[in-house]
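These numbers come from a predicted model, not from an experiment.
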Amino acid sequence: MERFAVPAPTLARRMLGWRLVSEVGGVRTSGRVIETEAYLGPEDPASHAATRKGRTDRNASMFEGGGTAYLYFTYGMHWCFNVAAGAPGEPGAVLVRALEPLEGREVMEARRGRSRDLTSGPARLCQALGLDGTHDGHRLEGPPLWIEEGDAPDERRIGVSGRVGIRKARRWPLRFFLEGHPDLSGGKAPPSDPRTLPAELHWIHRPGSSIRRSTSTESA
DNA sequence: GTCCGGATATTCT
DNA sequence: GAATATCCGGACC
């Protein structure tokens, strides 16, 4: 699980191209990660782990260390799937916003009740893969839910924008996606503006820095 | 294609 | 009481 023990922005970018696999209900469905968003800890006002909140029953999985599934319920009817990032005790997570369907398309269509837009949104992909609150806190090391690394996409195909559906810190450059992919979520993403980042977070946008920065627990 | 309102639970003010 | 890390269907262009 070492690969998840990096800051959320690093992991969010690195997860593009990885494969999310579900065997929920005994049937296999999977998809290639094509769109992610990073949520930080106390320093990120948009995060469920923002300072004023701290650790609660709802966001506890964000504190459990990289590779823990964090699923939360929102708008009274939708589940969203995140992967906790970083070291235990240091909250952070990557929201998976869209997948390219790979396996189990017919199962996804049955779960979604339609044949289009199967995994092009954070709540849609949860429905397609059968994910809900029962998977919150699951370590992503094996069934019923895990992640396999894939080939890193061409850096030139990776887009960066502000995050979708939030007001606070909306122009922070924390949404990552494969440019032009047909299965991206339809959400309206604001352009990113790195100047809105507090000084201590400027490392996020320096080219290359977000995929090189290590956490305090990474000795090498 | 875009825009708007409704559904509905939990958290926060 | 308001906001929310959303989606869907219907109105309209």
Inset, instruction - Please list, in 5' to 3' order, the outermost nucleotides of DNA chain B lying under 4.0 Å from any heavy atom of chain A. - result: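 Listing 5' to 3', DNA chain B meets chain A from B:dC3 to B:dT13.
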Inset, instruction - Go through A:R112 and A:Q127 one step at a time and tell me if the side-chain hydrogen bond (donor to acceptor under 3.5 Å, both in side chains) criterion holds. - result: CA-CA 6 Å; A:R112 292 274 298 125; A:Q127 190 177 24; 2.6 Å; yes
Inset, instruction - Would you kindly compare A:R124 and A:H48 by the position of their nearest DNA chain C nucleotide and give the one closer to the 5′ end? - result: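 The residue whose closest nucleotide sits nearer the 5' end is A:H48.
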Legend entry - Pairwise 5' ranking along DNA chain C for A:Q127 and A:I166, keeping only the more 5' one: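 Whichever sits nearer the 5' end wins; that is A:I166.
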Legend entry - Heavy-atom neighbours of A:E148 CD exceed 12 at 6.0 Å: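 Yes, CD of A:E148 has more than 12 neighbouring heavy atoms, counting only those of other groups under 6.0 Å.
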Legend entry - Connected hydrophobic set around A:Y70, excluding itself, where side chains approach under 4.5 Å: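 Members besides A:Y70, by chain and number: A:Y39, A:M62, A:F63, A:Y72, A:L95, A:I166.
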Inset, instruction - With rounding to the nearest 0.5 Å, note down the distance linking OG1 in A:T119 to CD1 in A:I34. - result: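 The OG1 atom of A:T119 sits 6.5 Å away from the CD1 atom of A:I34.
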Legend entry - Test item: A:H135 side-chain N/O and A:A69 main-chain N/O as donor-acceptor pair under 3.5 Å: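 Checked: no pair found.
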Tell me what [X] touches on the nucleic acid: a base, only sugar-phosphate, or nothing, going by heavy atoms under 4.0 Å.
{"X": "A:Y39", "value": "base"}
{"X": "A:N82", "value": "base"}
{"X": "A:R175", "value": "nothing"}
{"X": "A:A46", "value": "base"}
{"X": "A:R170", "value": "nothing"}
{"X": "A:K168", "value": "nothing"}

Less than 4.0 angstrom from a charged side-chain N to a carboxylate O is my criterion; do [X] and [Y] meet it?
{"X": "A:E109", "Y": "A:R116", "answer": "no"}
{"X": "A:E179", "Y": "A:R157", "answer": "no"}
{"X": "A:E37", "Y": "A:R163", "answer": "no"}
{"X": "A:E103", "Y": "A:R32", "answer": "no"}

Inset, instruction - Applying side-chain hydrogen bond (donor to acceptor under 3.5 Å, both in side chains), name anything that partners A:D154, two or more places apart in sequence or on another chain. - result: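 With neighbours one apart ignored, the set is A:R156.
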Legend entry - Dot-bracket pairing map - DNA chain C, Watson-Crick plus G-U, both contacts under 3.5 Å, | cross-strand: ||||.|||||||.
Inset, instruction - Go through DNA chain C in 5' to 3' direction and return only the first and the last nucleotide with some atom under 4.0 Å of chain A's heavy atoms. - result: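 In short, chain A contacts DNA chain C from C:dT4 to C:dG9.
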Legend entry - Partners passing salt bridge (charged side-chain N to carboxylate O under 4.0 Å, His left out) against A:R55 (at least two apart in sequence or in another chain):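 With sequence neighbours excluded, A:R55 shows a salt bridge (charged side-chain N to carboxylate O under 4.0 Å, His left out) to A:E64, given in chain and number order.
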